[in-house]
Amino acid sequence: MTIMSKIVSVQDISCYGQCSLTVALPVLSAYGIETAILPSGILSTHTGGFTGFTFLDLTEEMGKIVDHWKKENITYDAIYTGYIGDARQFDLIKDMRSMLNPGGLLIVDPAMADHGRLYPALTPDIVDGMRELVKCADIILPNLTEAAFLLKEDYRDDYSDEDYVAMARKLADLGPEKVILTGVGRDGKIGAMCYEKSTGKITTYLAELQPKSYHGTGDIFSSVVIAKLLDGESIYDTLKDSCEFIVDCIKATVDDPSHPYGVKFEKVLAARK
Ligand code: PXL
């Protein structure tokens, strides 16, 4: 019997659009991880492809929620952070590490950029705050754009395998033990590479490159990775299952032109159980 993990996920609620908490929560629950949420903000939709979205900043409420949790002596095995819309929230997240059980993990998906660009509603102070948060993290899951921003480097679209390793090493030098770089690949393949600082071990899994990319797939990928790692799965099997999960989600969505805003992950999730 595996020991049940209890985690808290800190990211926004995009009410419509299949990303952040509306995908992390069902995925983690389905994989048997008890998941509390600390919503960082509420948006009517995600910010990719929609215009005129609403945004309610929850920074003040987050402080009150965490204070209450501390009074109740609530603790977690992991804190999993994603999209953060207000830089004032980074100090609160760092402070939440006192709520981690012994051996507990701070897992940071620095969800702030893709395809060479920062997400539309975000400002440079989010990048600076995310860099500071990464320094305290145990595991980070940046895509290549986020990796470049965290390293204060210009994003390129022609990275070699050696560049991936160099980037992951530099990110690990900032603090985290494991760096899981997403979007790596070549020759019609795309996937993820994990660098483990203490051993120097590199593990890569590449899947078939799909014809379209979708918002929210990074959040689903991170959630599956976290569920598998907390369940004691090997790094290779974790990367393989998580990459293939995303491939199946894209395949389930790509023929439906009415569904460009996210992936239809629900049936894929149901079929895995
Ligand atoms: O999936 C990342 C994400 C999360 N939250 C919001 C976003 C995005 C990506 O665009 O806009 C609000």
Side-chain angles (χ1 to χ4, degrees), residues 8-28 35 37-59 61-62 79-90 93 107-127 129-130 133-134 137 139-150 155 180-183 190 192 210 212-227 242-243 245-247 249-250 253 259-266 268-269:
V8 55
S9 185
V10 190
Q11 47 186 322
D12 70 284
I13 298 175
S14 287
C15 297
Y16 184 80
Q18 291 180 303
C19 71
S20 43
L21 281 178
T22 68
V23 300
L25 195 50
V27 169
L28 287 160
T35 308
I37 60 168
L38 183 58
S40 62
I42 302 180
L43 297 92
S44 49
T45 63
H46 62 61
T47 64
F50 294 98
T51 51
F53 45 82
T54 67
F55 174 57
L56 174 67
D57 187 315
L58 290 177
T59 308
E61 197 64 22
M62 288 168 81
I79 301 168
Y80 157 32
T81 72
Y83 183 98
I84 300 295
D86 187 314
R88 290 174 298 163
Q89 297 173 4
F90 290 111
I93 297 169
I107 305 171
V108 174
D109 178 348
M112 59 182 179
D114 208 355
H115 308 296
R117 277 199 237 125
L118 205 58
Y119 290 145
L122 298 182
T123 44
D125 58 342
I126 295 291
V127 180
M130 203 63 92
L133 186 63
V134 157
I139 303 174
I140 63 168
L141 302 108
N143 62 34
L144 294 171
T145 304
E146 289 154 354
F149 274 110
L150 290 170
Y155 171 77
I180 299 177
L181 207 51
T182 63
I190 190 166
Q210 298 305 303
K212 273 188 85 177
S213 66
Y214 289 89
H215 281 278
T217 49
D219 304 330
I220 298 172
F221 178 83
S222 293
S223 302
V224 179
V225 166
I226 290 166
S242 309
C243 288
F245 192 103
I246 299 302
V247 168
C249 289
I250 295 176
T253 313
H259 204 284
Y261 47 85
V263 286
K264 299 185 187 186
F265 70 96
E266 295 84 357
V268 179
L269 185 57

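Model, not experiment: these values are computed from the prediction. For ligands, and for the atoms within them, numbers begin at 1 and follow the listed sequence.
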Closest protein heavy atom (residue, atom, distance) for atom 5 (N) of ligand 1
D12 OD1, 2.8 Å
Are any of the N/O atoms in T47 less than 3.5 Å from those in ligand 1?
yes
Main chain of L25, side chain of T35: is a donor-acceptor contact present, judged purely on distance under 3.5 Å?
no
Considering only heavy atoms, does H215 approach ligand 1 within less than 4.0 Å through its side chain, its backbone, both, or neither?
side chain
Side chains of S223 and Y80: does their closest heavy-atom pair fall under 4.5 Å?
yes
I need the contact type for L43 against ligand 1. Using non-hydrogen atoms and a strict under-4.0 Å cut-off, is it side chain, backbone, both or neither?
side chain
Taking N or O atoms only and a 3.5 Å limit, does Y83 qualify as a polar contact for ligand 1?
no
Assess G218 for proximity to ligand 1: is some non-hydrogen atom of it under 4.0 Å away?
no
Report yes if some heavy atom in the side chain of E146 is under 4.5 Å from a heavy atom in the side chain of I140; otherwise report no.
no
Students should be able to answer this: which protein heavy-atom is nearest to atom 2 (C) of ligand 1, and at what distance?
D219 OD2, 3.4 Å
Plane angle bin for Y16 and F50 - parallel if under 30°, tilted between 30 and 60°, otherwise perpendicular:
perpendicular
Check whether any side-chain heavy atom of P142 sits under 4.5 Å from a side-chain heavy atom of T182, and report yes or no.
no
Would you please test Y119 and I126 for side-chain contact (heavy atoms from CB on, under 4.5 Å) and show each step?
CA-CA 11 Å; Y119 290 145; I126 295 291; over 6 Å; no
Hey, which atoms in ligand 1 end up nearer than 4.0 Å to a heavy atom of H46?
7 (C), 11 (O)
